[in-house]
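Naming: A, B, ... by sequence-line order, numbering from 1 per chain.
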Amino acid sequence: MTRILLVEDNESNCDMLQRRLQRLGYEVAEADNGVSGIVAAQRDAPDVILMDLNLPEMDGWEAARRLKADAMTREIPIIALTAYASDSDRAKAIEAGCDDYETKPLDLEQLLKKIRALTREAVE
Amino acid sequence: MTMEYLSIADGNGRRSLELYHSFELAIARRTDRLFVGLFIFQWLVGILLAVIVSPRTWYGTESEPHIHIWAAVALGGAISSLPVYLGLTRPGAAVTRHTIAVGQMLIGALLIHLTGGRIETHFHVFGSLAFLAFYRDWRVLITASGLVAVDHLVRGMWWPQSVFGVLNASSWRWVEHAAWVIFEDVFLISSCLQGRLEMRERARQQATLESKNDEIQIRNRELAVAHDAALAASRLKSEFVATMSHELRTPLNAVIGYSELLMETAQDTGNQESVPDLEKIRGAGKHLLELISGILDFSKIEAGQMQLDLGWCEIGPLLANVRDTVLPTAAARGNELRIVGANQDLSLWTDPTKLRQCLLNLVSNACKFTENGTVSIRVSNLEPENCVELSVSDTGIGISPEQVAILFQPFTQADASTARKYGGTGLGLAITKRLSEMMGGSIAVTSEPGHGSTFSIRLPRLTEEAAAPAECSPLAAARH
């Protein structure tokens with residue numbers, strides 16, 4: 001079973017996405033800021049991290065940078081979930097070490113495709 | 001004189017008077033300096049003439065310098081010293097020019113005396129008066145003329161030989177000389193007054209010009225401030241739109257996401273009753289999302305913040321992607337969506353995301369305004385122009401010439417009822433046009449109401465090395 005860490009500070013969005021992913025059989029853990037996201041990633045070693053970028057305490061870019069700098073978490077793929085639609089914001093997310101990005105409001109089908117692609121890669 | 005003229009004159013009255021006095025003073029000082037030079041020159045010439053004309057006088061075998069030489073040296077020096085002193089120490093003062101006037105006329109008197117009252121020497125008086133007119137002060141001429149009259153009267157009475165060169169002169173002879181002086185004064189005084197009038201006018205004009213200039217400078221400063229404020233406001237607006245668009249997307253994510261979650265749950269439980277309503281919520285959410293994206297894009301383009309992200313774009317896969325995206329909309333309206341013609345294997349050096357956005361907009365528009373018809377996407381390679389043309393044709397309702405004229409303007413749709421019937425932001429074509437132009441291309445439309453429309457985007461074929469997109473010869477903006 002694929003284990004997903006969802007780092008998202010907006011309660012509704014977090015709840016909604018968690019339930020939709022759980023319905024499809026994913027195991028979903030949550031964190032509501034960058035710092036607790038890093039702690040959870042180190043503790044649980046999820047298969048993939050869905051990272052909101054606009055987070056309190058530590059934003060998603062910084063959290064991604066730190067996760068990718070840490071040997072323990074470096075291999076975990078990160079998908080940035082951004083409400084920022086511009087190309088430069090996407091480029092910034094990739095630069096911070098995110099493996100892919102999805103724009104909010106999310107297209108679940110698209111997101112699932114990306115999760116599958118990245119976790120299959122990770123398994124291989 | 002108009003009211004405006006009066007008000008300018010009044011407003012600048014003080015400055016105008018100030019300027020007038022400064023002109024007056026400048027003329028007085030300049031003329032004082034000229035007279036200082038003239039006095040020294042006359043003194044030296046007087047001595048020289050005395051030496052040449054009557055160098056020595058004889059008493060039997062003894063000779064000594066003629067008395068005229070001493071007169072020229074002593075009297076000339078005495079008369080000249082005070083005017084020269086004042087001219088050097090108090091230039092521009094009224095007392096200086098009146099002293100100069102007296103001194104100059106006394107020099108004339110001395111000259112007439114030294115030449116034995118010759119009539120020719122009297123012309124020195126006329127020359128001096130003309131020179132004094134340089135002051136443009138008629139009072140100086142009165143002082144000078146008064147002195148000449150008194151000199152002629154007194155010397156004519158007691159020593160006629162000194163002034164008229166005769167032993168006996170009529171006691172009225174001075175009147176004739178004075179009359180000639182007055183005759184000249186009439187012209188000189190009127191010219192002085194005319195000069196003053198012109199100076200006054202020049203001062204008024206300069207004052208007006210200065211005040212206009214001040215006004216312009218103030219206005220320029222105000223404009224610069226307003227310009228900066230407008231730029232700052234425009235920047236703030238763009239930031240505001242970007243932030244708002246982000247803030248609006250977050251709750252929208254919940255709206256769309258929860259409606260989808262409920263639809264998924266309904267599917268799981270087999271309770272399909274609420275699905276149509278949930279579809280409507282989701283549809284409205286997606287529409288709102290389109291509106292927000294459109295406004296953000298347009299605001300970025302307007303603020304000059306939209307940038308090209310250039311790369312190689314394969315036309316075939318791009319068109320297939322666009323077709324797949326729009327296929328559900330096309331099918332819903334019973335439309336056939338086709339990619340026709342050759343040239344599918346072309347590659348373009350352009351911004352693939354923006355080109356996709358443009359095509360997506362044109363194809364979804366075509367599907368929206370066509371029912372049970374055909375929408376075709378065609379690629380043409382225009383070799384001579386070195387351009388590629390991507391055209392989207394439909395067999396839909398078409399656009400009237402009046403509507404075509406405003407089609408690419410923002411916030412307009414072909415007509416207001418269109419928005420109610422077909423939805424849309426009214427920004428799609430405005431954005432498509434601007435994006436096409438950013439990519440160095442152009443967009444054009446041909447349409448026949450009732451039969452369909454064709455929108456064509458023409459893009460230049462560039463190489464990777466071409467830094468800036470070369471302009472592609474634009475299509476006629478609107479052909480009907």
Side-chain angles (χ1 to χ4, degrees), chain A residues 4 6-26 28 30 32-34 50-56 59-61 79-95 100-115, chain B residues 238-239 241-269 281-297 299-301 303 305-311 321 324-325 328 351-354 356-357 435:
Chain A
I4 297 174
L6 173 59
V7 190
E8 163 72 84
D9 66 318
N10 183 294
E11 243 175 77
S12 310
N13 282 333
C14 190
D15 170 66
M16 178 270 293
L17 191 54
Q18 188 182 26
R19 283 164 64 187
R20 293 182 77 184
L21 290 170
Q22 280 170 344
R23 179 185 160 270
L24 295 170
Y26 291 96
V28 184
E30 354 164 343
D32 61 2
N33 66 61
L50 304 182
M51 178 82 76
D52 182 27
L53 293 176
N54 222 12
L55 291 169
D59 66 33
W61 292 286
I79 300 175
L81 304 183
T82 171
Y84 295 98
S86 81
D87 299 341
S88 66
D89 291 323
R90 287 170 196 176
K92 237 170 98 186
I94 299 297
E95 225 169 81
D100 213 333
Y101 56 79
E102 248 322 281
T103 311
K104 289 193 224 176
L106 294 168
D107 180 333
L108 195 64
E109 278 305 311
Q110 284 278 355
L111 180 63
L112 291 174
K113 266 188 213 165
K114 286 179 179 170
I115 290 174
Chain B
S238 305
E239 280 168 22
V241 171
T243 313
M244 272 321 284
S245 136
H246 170 244
E247 294 301 324
L248 291 168
R249 275 163 193 267
T250 305
L252 209 49
N253 188 36
V255 171
I256 296 172
Y258 273 109
S259 62
E260 285 175 350
L261 172 62
L262 286 173
M263 280 156 67
E264 287 155 11
T265 313
Q267 204 179 359
D268 292 347
T269 58
I281 297 176
R282 196 180 74 122
K286 293 249 173 182
H287 183 209
L288 192 51
L289 185 63
E290 269 175 44
L291 294 176
I292 293 166
S293 303
I295 291 168
L296 179 64
D297 279 352
S299 143
K300 268 198 213 157
I301 293 170
Q305 287 170 351
M306 186 70 93
Q307 274 161 7
L308 288 181
D309 188 7
L310 295 172
N321 175 289
D324 293 348
T325 310
D351 184 326
T353 315
K354 293 188 178 65
R356 179 177 180 272
Q357 189 178 346
L435 289 181

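- The part of A:Arg23 that comes within reach of chain B is its side chain, from C-beta onward, which places non-hydrogen atoms under 4.5 angstrom from that chain.
- Atom CD of A:Gln22 has more than 12 neighbouring heavy atoms from other residues, nucleotides or ligands inside a 6.0 Å radius.
- In this structure, B:Arg249 and A:Thr103 have side chains that are in contact, with non-hydrogen atoms separated by less than 4.5 Å.
- Atom CG of residue A:Leu17 and atom CD of residue B:Glu260 lie 11.0 Å apart, to the nearest 0.5 angstrom.
- Using a 4.5 Å cut-off between heavy atoms, B:Asp297 does not touch chain A at all.
- The two atoms that bring A:Met16 and B:Asn253 nearest to each other are CE-O, 3.6 Å, heavy atoms only.
- By the side chain to side chain contact (heavy atoms under 4.5 Å, CB included) test, A:Ile94 pairs with A:Tyr101, sequence neighbours left out.
- Under the side-chain contact (heavy atoms from CB on, under 4.5 Å) test applied with A:Pro105, the options B:Ile256, B:Thr250, B:Leu288 reduce to a single match, B:Ile256.
- Interface residue B:Leu252: backbone and side-chain heavy atoms are both found under 4.5 Å from chain A.
- In terms of the salt bridge (Lys or Arg N to Asp or Glu O under 4.0 Å) criterion, residue partners of A:Arg19 (sequence neighbours excluded) are, by chain and number, A:Asp15.
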